[in-house]
Engineer: 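Quick one: this structure, given as structure tokens, is what I'll be asking you about.
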Amino acid sequence: MSVEHMRIVFMGTPEYAAICLQVLLEAGHQVVGVFTQPDRPKGRGGKVEMPLSKLVALEHGIPVFQPRRIRDEGLEDLKALKPDLCVTAAYGQILSQDILDVPPLGTVNVHASLLPEYRGSSPANWVIIKGEKTTGVTTMMTDAGIDTGDILLQKSLDILKNETAGELTLRLARLGAALLLDTIERIKTGTCPRQKQDENKMSYYPMLTKQTGFINWDYSAKEIQNLILGVQPWPGANTGSPWGMIKIISADVMPSDKQALPGTILTADTKQGLIVQTGEGNLLVKLMQAPGGKAMDSKDYLRGHPYKGEGSMKMDEVNT
RNA sequence: CGCGGGGUAGAGCAGUUCGGUAGCUCGUCGGGCUCAUAACCCGGAGGUCGAGGGUUCAAGUCCCUCCCCCGCAA
């Protein structure tokens, strides 16, 4: 079976997936169909936007399928495409066994972590939140569980200092795409290693929510900094403050000379910026953003919003 | 037509309710004080108030249209 003759169906949704799809196409693989999430209203004004993977597919004239639930409405379409192999990358839907049974060569998933650690839908965010130094990508045979299938190939990647989850995701996508090509090549020649996951070493992390980004000032300054980097670009690290709900985009860890209650505002002036006591160490807020405003240096923000008196970042917390 | 905030000097903001000399905190430039300074004092430059049109003796402010930025919700 040559590359040209292998019929591949791709399933993926956001940029991470679109990069994999793009690389697959540039390598000359025959992608006969793309499954992606339905177009949904996005942004203000409720304008509908198409997933990036759909955009790439349309540019190459590939048929696009957008079932709400592929396991309810997608089986016949998938069968009709007669795929030899399915490839998934951040599709956002769980595949049922009858879907997995369609392609004779199976379904390969490109997961953005070193499995069995960091199973789940947002691994690039969680490795940063957890302060890991290294992560990577894994290609695996998809089975009915969530990221539980047999591992094919892996490649590791060092996490850069001050790297955000968004930046890391892009690097992992490019690395994963290359690994995917390698994996497909080896499947074709029957030389692909295949190994069960060690369940004793597995870890699972849930999908991010708005709540994930709320800063708990009892944590250490380092942990909070990791959170800030790990929840970008979405949902962003938010906290209450004397000025209302604000988003913190970047911050530095500072040693603390004196202990105050976590969340206490130690300094808020236009010379040093905003410095907050945490559970361990202080956090110097660099870039921040108030509702309706643009991201700006905390020193700039304080120029127009002078701070008076005692205060804590635990004020005005949203109670939902 | 999902809800909402915003665009005023290089930066961040006030002023708009109720039209009447363009303000504040910084920065910047010059001078002073100081062993010295991110401190303090004095002085200066820098603005078609997002764009266009309308009302008016007079518009940052009121009316209409448009452009751009952002938060929420999805």
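Hydrogens, waters and symmetry mates play no part in the numbers below; they use all other heavy atoms, side chains included. Quantities reported herein were computed from a predicted structural model and do not represent experimental measurements. First the proteins, then the strands, lettered A, B, ... as listed; each starts at 1.
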Engineer: Nearest whole angstrom, please: distance from the P of B:G50 to the NZ of A:K294.
Structural biologist: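 Roughly 13 Å, once rounded to whole Å.
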
Engineer: Using Watson-Crick or G-U wobble geometry with both distances under 3.5 Å, which nucleotide pairs with B:C62?
Structural biologist: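 Pairing partner, where one exists within any strand: B:G54.
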
Engineer: Just to be sure I understand the rule, does A:K42 reach a base, reach only the sugar-phosphate, or reach nothing, if contact means heavy atoms closer than 4.0 Å?
Structural biologist: base

Engineer: For the atom pair CD (A:Q225) and CD1 (A:I128), what is the distance rounded to the nearest 0.5 Å?
Structural biologist: 11.0 Å

Engineer: Using the C1' atom as the point on both nucleotides, what is the distance between B:U56 and B:C62, in whole Å?
Structural biologist: 10 Å

Engineer: Write down the distance separating the C1' atoms in B:U21 and B:G15, rounded off to the nearest Å.
Structural biologist: 14 Å

Engineer: Atom CE of A:M207 to atom P of B:A74: distance rounded to whole Å?
Structural biologist: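 My rounded result for the distance is 13 Å.
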
Engineer: Give the rounded distance in Å between these two atoms: CD of A:E49 and P of B:G2.
Structural biologist: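 In whole Å, B:G2 P and A:E49 CD are 14 Å from each other.
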
Engineer: Any donor-acceptor pair, under 3.5 Å, between the side chain of A:R44 and the base of B:G2, if you only look at N and O atoms?
Structural biologist: no

Engineer: Between B:U34 and B:G27, how far apart are the C1' atoms? Round to whole Å, please.
Structural biologist: 22 Å

Engineer: When the C1' atoms of B:U55 and B:A59 are considered, how many whole Å apart are they?
Structural biologist: 10 Å

Engineer: May I ask you to say what A:P306 touches in the nucleic acid, namely base, sugar-phosphate or nothing, with a heavy-atom cut-off under 4.0 Å?
Structural biologist: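 Contact class for A:P306: none.
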
Engineer: Roughly how far apart, to the nearest Å, are B:G23 and B:G30 at atom C1'?
Structural biologist: 23 Å

Engineer: Quick one: are A:P116 and A:E199 in side-chain contact, heavy atoms under 4.5 Å?
Structural biologist: no

Engineer: Specify the residue among A:G304 and A:W234 whose closest nucleotide of RNA chain B lies further upstream toward the 5′ end.
Structural biologist: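 Final value for this comparison: A:G304.
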
Engineer: Without decimals, in angstroms, what is the distance between A:K247 NZ and B:C70 P?
Structural biologist: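 Going from NZ in A:K247 over to P in B:C70 covers 11 Å.
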
Engineer: Using the C1' atom as the point on both nucleotides, what is the distance between B:U61 and B:G7, in whole Å?
Structural biologist: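 B:G7 and B:U61 have their C1' atoms separated by 15 Å.
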
Engineer: Could you measure between the two C1' atoms, the one in B:G53 and the one in B:U17, and give it in whole Å?
Structural biologist: 25 Å

Engineer: Give a yes or no on whether A:L58 atom CG has more than 12 heavy-atom contacts from other residues, nucleotides or ligands under 6.0 Å away.
Structural biologist: yes

Engineer: To the nearest 0.5 angstrom, please state how far the CG atom of A:L208 sits from the OG atom of A:S122.
Structural biologist: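 Answer rounded to 0.5 Å: 4.0 Å.
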
Engineer: Side chain of A:R303 only, please: which of B:C69, B:U25, B:C13 is the nearest?
Structural biologist: B:U25

Engineer: Partner lookup for B:U28, please. Criteria are Watson-Crick or G-U wobble with both distances under 3.5 angstrom; report none if nothing qualifies.
Structural biologist: B:G44

Engineer: Roughly, in whole Å, what's the span from CG in A:D300 to P in B:G10?
Structural biologist: 14 Å

Engineer: Starting at atom CG of A:D39, determine the distance to atom C1' of B:A74, rounded to an integer number of angstrom.
Structural biologist: 14 Å

Engineer: Write down the partner of B:G2 under the Watson-Crick or G-U wobble criteria, each distance required to be under 3.5 Å.
Structural biologist: B:C72

Engineer: Hey, what's the ring geometry for A:Y301 with A:W243, parallel, tilted or perpendicular (30° and 60° as the breaks)?
Structural biologist: perpendicular

Engineer: Using the side-chain heavy atoms of A:Q289, tell me which of these nucleotides is nearest: B:A38, B:C72, B:C70.
Structural biologist: B:C70

Engineer: Which value, in whole Å, describes the distance between the P atoms of nucleotides B:C13 and B:U8?
Structural biologist: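 My reading of the P atoms in B:C13 and B:U8 gives 9 Å.
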
Engineer: Carefully, step by step, assess A:M11 and A:C86 under the rule side-chain contact (heavy atoms from CB on, under 4.5 Å).
Structural biologist: CA-CA 7 Å; A:M11 301 174 180; A:C86 284; 4.1 Å; yes

Engineer: To the nearest Å, how far apart are A:L287 CG and B:C70 P?
Structural biologist: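 Whole-Å distance recorded here is 15 Å.
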
Engineer: Looking at B:U16, which nucleotide sits across from it as a Watson-Crick or G-U wobble partner, both distances under 3.5 angstrom, or is there none?
Structural biologist: none

Engineer: Could you state whether A:Y91 and A:I8 fall into the same hydrophobic cluster, counting links through intermediate Ile, Leu, Val, Met, Phe, Trp or Tyr residues with side-chain heavy atoms under 4.5 angstrom apart?
Structural biologist: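 No: no chain of side-chain contacts under 4.5 Å links A:Y91 to A:I8.
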
Engineer: Rounding to an integer number of Å, can you tell me how far A:L274 CG sits from B:G12 P?
Structural biologist: 18 Å

Engineer: If you look at every strand shown and take non-hydrogen atoms under 4.0 Å, does A:K210 touch a base, only sugar-phosphate, or nothing?
Structural biologist: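 Here A:K210 touches the backbone only, sparing every base.
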
